[in-house]
Amino acid sequence: MPRCCIVTAYRSSDYAEIAELTLPRLEKYAARHGHDLRVHRLEGTDLDRAWMKVPPILDALDGDFEFVVWLDIDALILRLDRDILDAAQPGADLMISWHGPDTARLDGSAFPPHYNAGVYLIRRSDWSRDFFARMLTLHGQVTHNWSDQAALHVMLGLNESLGFGPDLDNVADRAHVGHLDTAWNSIPGIAASDDPVIHHFAGLPHAIRMKLLRSNVATLGLYDSAPAPFRSELSRQLGLWAAAERQRANDAHWFTGEMQKFMDEAERLRAPRHMLLNFPGAVAKRLRDKARGS
Ligand SMILES: [Mn+2]
């Protein structure tokens with residue numbers, strides 16, 4: 001029996017394009033290290049977004065494996081030579097990457113430090129089975145746009161990451177958690193490792209994510225053959241590109257919002273002619289204010 005089962009899941013309707021890019025590399029990786037691989041293609045599930053990962057994880061934890069690895073479908077394996085089991089820590093049941101200034105290179109704007117739920121290295125134990133079963137009961141109970149990742153923080157008493165007040169003391173579950181180096185869950189443009197094994201393309205609009213993923217897949221051969229400084233630089237450049245794309249998307253989003261506000265105002269005042277004539281100047285002023293940070 002293999003010691004480890006790698007699990008991923010996705011909704012074929014919206015993530016098939018991404019899976020097409022990430023799965024071939026994942027299949028190669030699993031075969032290379034002799035790990036089982038379970039790919040769940042879900043159509044009808046009442047679990048929204050990332051929550052759909054929890055039942056497949058529980059299912060694998062019921063198996064005969066020593067370890068279960070969860071990978072988001074938007075995670076691309078870069079290096080085939082590193083076995084994730086080497087990152088397992090004695091005494092820890094759940095290893096997750098903490099993303100903050102002490103553990104990652106931050107290429108984009110600041111964010112509250114937190115655990116990212118895109119990659120889990122799980123030791124099969126009574127605790128881990130119970131932990132994920134309890135997590136599932138929180139579905140729909142936590143109001144936060146991090147969905148299952150928010151539930152993870154609630155369970156660990158890490159309220160600060162969520163903006164829910166101070167962290168709690170004496171949370172027993174926390175003793176079972178170990179840190180997984182960011183190399184295993186490196187998010188280009190947000191929280192990156194200097195020499196990543198896995199790029200997790202989180203927090204990006206779909207079109208941009210596809211563009212970055214395609215480019216990274218096209219350069220995978222270099223991760224197999226190029227010297228370490230070269231592949232490290234390659235990942236760094238991709239991170240800078242991702243950060244710039246994200247900034248551009250945020251600016252476009254901001255501009256659309258300003259435009260909508262103006263249209264609403266114009267509508268409310270029945271669009272006096274002078275307002276429409278002043279529109280370009282008004283937007284330019286708002287942009288200057290934004291640039292000054294006011
Ligand atoms: Mn993801």
Side-chain angles (χ1 to χ4, degrees), residues 6-27 29-30 37-42 45 47-57 60 68-78 84 94-100 103-104 106-108 111-122 132 135 139 142 144-153 161-162 180-193 196-217 235 238-239 241-243 245-246 249:
I6 302 176
V7 185
T8 188
Y10 65 98
R11 219 186 297 257
S12 341
S13 46
D14 34 354
Y15 280 82
E17 253 190 323
I18 290 173
E20 232 171 89
L21 292 171
T22 57
L23 278 184
R25 190 70 168 176
L26 182 54
E27 281 160 8
Y29 181 81
L37 174 61
R38 292 186 184 171
V39 179
H40 299 258
R41 291 172 185 85
L42 306 166
T45 169
L47 292 178
D48 54 312
R49 294 178 55 198
W51 273 102
M52 69 169 85
K53 76 179 64 162
V54 185
I57 289 174
V68 171
V69 173
W70 165 264
L71 284 181
D72 273 10
I73 198 67
D74 60 350
L76 176 67
I77 307 260
L78 305 173
I84 192 166
L94 174 61
M95 283 133 284
I96 356 171
S97 297
W98 179 260
H99 286 164
T103 52
L106 313 182
D107 289 332
F111 54 81
H114 61 274
Y115 281 120
N116 182 279
V119 180
Y120 286 141
L121 171 56
I122 309 161
F132 282 96
M135 185 184 283
H139 180 239
V142 184
H144 192 284
N145 60 8
W146 281 358
S147 64
D148 70 309
Q149 184 172 282
L152 172 74
H153 287 79
S161 307
L162 302 169
L180 183 66
D181 191 279
T182 302
W184 298 100
N185 186 353
S186 181
I187 305 187
I190 294 187
S193 158
V197 180
I198 296 175
H199 266 165
H200 177 199
F201 289 89
L204 290 159
H206 181 71
I208 296 170
R209 170 149 69 178
M210 287 303 293
K211 204 157 69 165
L212 288 160
L213 243 176
R214 272 201 203 95
S215 159
N216 210 173
V217 167
S235 290
L238 198 87
W241 180 17
E245 291 279 14
R246 186 174 292 104

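It should be emphasised that the depicted structure is a prediction, and the values quoted were computed from it without experimental measurement. Remember, it's 1-based here, ligands and their atoms both numbered in the order they're listed.
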Exercise. For the Mn ion (ligand 1), report each protein N, O or S atom nearer than 2.8 Å, sorted by chain and then by residue number.
Key: Asp72 OD2, Asp74 OD1, Asp74 OD2, His200 NE2
Quiz prompt | Closest approach of Asp72 to Ala117 (non-hydrogen atoms, all atoms of both residues) | solution = OD1-O, 4.1 Å
Self-check item: Heavy-atom closest pair, residues Ala202 and Arg246
Solution: O-NH2, 3.4 Å
Self-check item: Pairwise side-chain contact, Thr22 with Asp74, heavy-atom cut-off 4.5 Å (strictly under)
Solution: no
Self-check item: Test item: side-chain donor near acceptor, Asp148 and Trp146, under 3.5 Å
Solution: no
Quiz item: Hey, does Ser235 have a side-chain heavy atom less than 4.5 Å from the side chain of Leu78?
Solution: yes
Quiz item: Do the side chains of Tyr120 and Lys53 get nearer than 4.5 Å, heavy atoms only?
Solution: yes
